[in-house]
Amino acid sequence: MLRTRGILDLMPVSPIDGARSRGRERPLIAVTTSEMRDPPEHLTKDQADPPRREMALGLRYLEAIESSGGVPVVAPPMGLVAAEALLDAVDGLCLSGGPDIHPSAYGQEPHPELGPTERELDAFELALVRAADARSLPVLAVCRGAQLVNVARGGTLIQHLPDVVGDQIEHRQRERAENLTHAMRLEPGSLLSEIAGWHDGAVNSFHHQAVDELGYGLTATGWAPDGTIEAFEAPDRPFLIGVQWHAECLIGWPEHVRLFQAFVAACRVGGGDPRARATEPVGG
Ligand code: MN
């Protein structure tokens, strides 16, 4: 159910006409930066730039997009006018993982286990997601990014998973990110399942939060064995998929690489039917 509180009142619920069909062979894909960092130690030394806050983004997202045939464009926080202009110029949006979203964005008080939050980053990314969503721009959202999409559509989050599902599954794995550590079931017939080519598989896991109440128009399409929602999609959009696992680290797995390839393919055709194109070879 769509809540009405503050900026959520502005949430567009129908696509803007004239979704692009640019057909760029190597689509431009905006990637949000994931984390704000305080001045690193080395910058306080001589012969370096003055200390300042920085944005951080794991290179894995950029590598996954490029190797799938797209051109990644890093999108730092900016004003809405600039963000709209950015969305005019790109063919898709990839939302990266990062810190917890401040629960005020979905009308809750902070849980004691809430991690560090960046409310300015939250506000920018929520606005960016809504603008991209309104354009029917293809969106692939990873981890925090998936949580953002859900909140942007009026959904809520479980602030600390062990409270709800216990600890039978280690959602913050200690193994390396390329390793698949917990089972995953995808809904047969879902876009995600058709892209992935499997219903029962496994993923990596680096999160302590997850989707609780789904946002407007979103359908859960992937679950961990403990019932945690790990994937969802928007049937009213050509390609809007959120995954709780770090798909950008799994492109070495044949059963996982197709997600980024299908996303780039959807961006390439400007939001056409990605089911028809998920199996085409990646251009270039
Ligand atoms: Mn998990």
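Counting starts at 1 for both ligands and their atoms, following the listed order.
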Taking atom NE2 of His207 and atom OG1 of Thr228, what is their separation to the nearest 0.5 Å?
6.5 Å
Apart from Met55 itself, its cluster of hydrophobic side chains linked below 4.5 Å comprises Met36, Leu121
Establish, from distance only, whether the side-chain atoms of His182 and Asn204 form a donor-acceptor pair under 3.5 Å.
no
Go through the structure and list residues passing salt bridge (Lys or Arg N to Asp or Glu O under 4.0 Å) with Glu187, not counting sequence neighbours.
none
Report the angle formed at the Mn ion (ligand 1) by atom ND1 of His171 and atom NE2 of His207, rounding to the nearest 10°.
90°
Atom name, Glu230 (N, O or S, nearest to the Mn ion (ligand 1))
OE2
Heteroatom test (N, O or S) for Ser205 near the Mn ion (ligand 1), limit 2.8 Å
yes
